[in-house]
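Taking it in order: structure first as structure tokens, then the write-up.
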Amino acid sequence: MSDDQSRLSRRNALKCMAFGGAGTLFALSGGVFTPIDLAMARAYDQTKEGKALGKPLFVQISDTHIGFNKEANPDVNGTLTQTIDIVNAMSEQPALIIHTGDITHLSRPAEFDVAQQLLSRVRTTELHTVPGEHDTTDATVTEYFNRFGKASNNKGYYSFDHAGVHFIALVNVLQFKPGGLGTMGSEQLAWVAADLKGRSSSTPIVVFAHMPLWTIYEPWGWGTGDADQLMSQLRRFGSVTVLNGHIHQIVQKVEGNVTFHTARSTAYPQPLAGEGSGPGPLKVAADLLPKMLGVSSISVVKHPRSLAINDMALA
Amino acid sequence: MILRNYRVSFALGVVTALGCTAALIATSARAVDVTNIVIKDFKFSPESLTVKAGSTVTWVNTDDEPHNVVSDAGLFRSGGFDTNETFAHKFDKPGTYHITCSIHPRMTATIVVE
């Protein structure tokens, strides 16, 4: 470590203490994640290394649960608004916003109305979504698709390219199996195979779905039963970033060139895997709540195969 | 017949529902006319129930988390119902009905209609 880096670390170790749970930035280079505290990342902005972290590519928002009004957070509209304020205050605006599902709590039209109204305040106008299981609980499973189904011809899954990165949006909340995990299903997996066919292995891939695409905790259904069939298709790519929501806390894993990351909710935290009776809202002291909610921003770093994930808490 | 997401008189509904739980478990082997299944701590209670054809089963959600009731055979599907809300379904035909909460698929129950 050079003297400069050493000084930077000491200075920022102190800043980290001031920021508390502000979050963590992960710089991904050639498939290896290097965690840097967000406070240090802010200081990095002033340095050559920091500038190399590049322009923010997109921001991930998840589990806004508009309509939730219980003790764990009686003001989910307020915390989403705070989240949007953080994004809007970024010095460089991301090109895209990705919402990884559970936009609403109960799939009700009025909840979708409020969510869309609040999200329309984001300065970045290009919004991509996938449904969470809370968005598809209406008896006819139509409300989400009436509003967000156009991109996918009402299938829910679709792909697009931006800045040389290939994005794949997947749905794993519709084909539940009793007692089981999320499922994508054979039709969707065949579509992924066709979508990836002929694509260069050097193309950075971002995959996003609501439920984790790796098994975090099976007894609570925190995983996707047929995720292995997806991963076998992604393995040949040099940089794969897999983003999920659903569990309302940050959990990460690196496996070869694949980096898995689940984001915080903007609405309420959930317990650690297996703690308590089930994956319901976790009630925490009011001053702790903002530290447990937040957004992730993903930047393209100079290395052509690299993306960096930067998690920001509301406080 | 599917009645979805109507609100019950909260205090009365829950007291009644909880009061019934023990009795329902005790009598689940024999047919009854009207009955409730309580949802508490991410479980249906009772998880197996026998009713007479023509009975209406009402699910009462006492969790802080919404749940739904979906027939595994695709015969009926409730909307999501939140804390202290209910869903009712009338079982006209004899048979064995497996149901799951599609929000939390580990939650399952079986209703036998005689």
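Letters go in sequence order (proteins before strands), and every chain restarts at 1.
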Open item on the list: Looking only at side-chain N and O atoms, does Glu65(B) offer a donor or acceptor that is under 3.5 Å from a partner on His105(A)?
Closed with: no
- [ ] Nearest 0.5 Å please: distance from the OG atom of Ser107(A) over to the CD1 atom of Ile103(B).
- [x] 7.5 Å
Open item on the list: Does Gln117(A), at its CD atom, have more than 12 non-hydrogen atoms belonging to other residues, nucleotides or ligands within less than 6.0 Å?
Closed with: no
Task: Nearest-0.5 Å distance, NZ of residue Lys40(B) to OG of residue Ser277(A) - done: 7.5 Å
Open item on the list: For Arg77(B) versus Thr136(A), what's the shortest heavy-atom pair and its separation?
Closed with: NH2-O, 2.7 Å
Open item on the list: Given heavy-atom pairs under 4.5 angstrom as the criterion, report whether the side chain, backbone, both or neither of Asp72(B) touches chain A.
Closed with: side chain
Open item on the list: How about CG on Asp287(A), more than 12 heavy atoms from neighbouring residues, nucleotides or ligands closer than 6.0 Å, or not?
Closed with: yes
- [ ] Work out which heavy atom in Arg108(A) is nearest to a heavy atom in Gly80(B); give both atom names and the distance.
- [x] NH2-O, 3.7 Å
Task: Value rounded to 0.5 Å, distance of CG in Leu181(A) from CZ in Arg106(B) - done: 8.5 Å
Task: Max heavy-atom pair count under 4.5 Å with chain B, selected residue of Gly280(A), Pro279(A), Gly221(A), Gly278(A) - done: Pro279(A)
Open item on the list: Please report the interatomic distance OG(Ser102(B)) to CD(Gln175(A)), rounded to the nearest 0.5 Å.
Closed with: 12.0 Å
- [ ] Answer yes or no: is there a side-chain heavy-atom contact under 4.5 Å between Asp64(B) and Glu71(A)?
- [x] no
Task: Note, Lys70(A) side chain near Asp82(B) side chain (heavy atom, < 4.5 Å) - done: yes
Task: Region of Val173(A) that comes under 4.5 Å of a non-hydrogen atom in chain B - done: neither
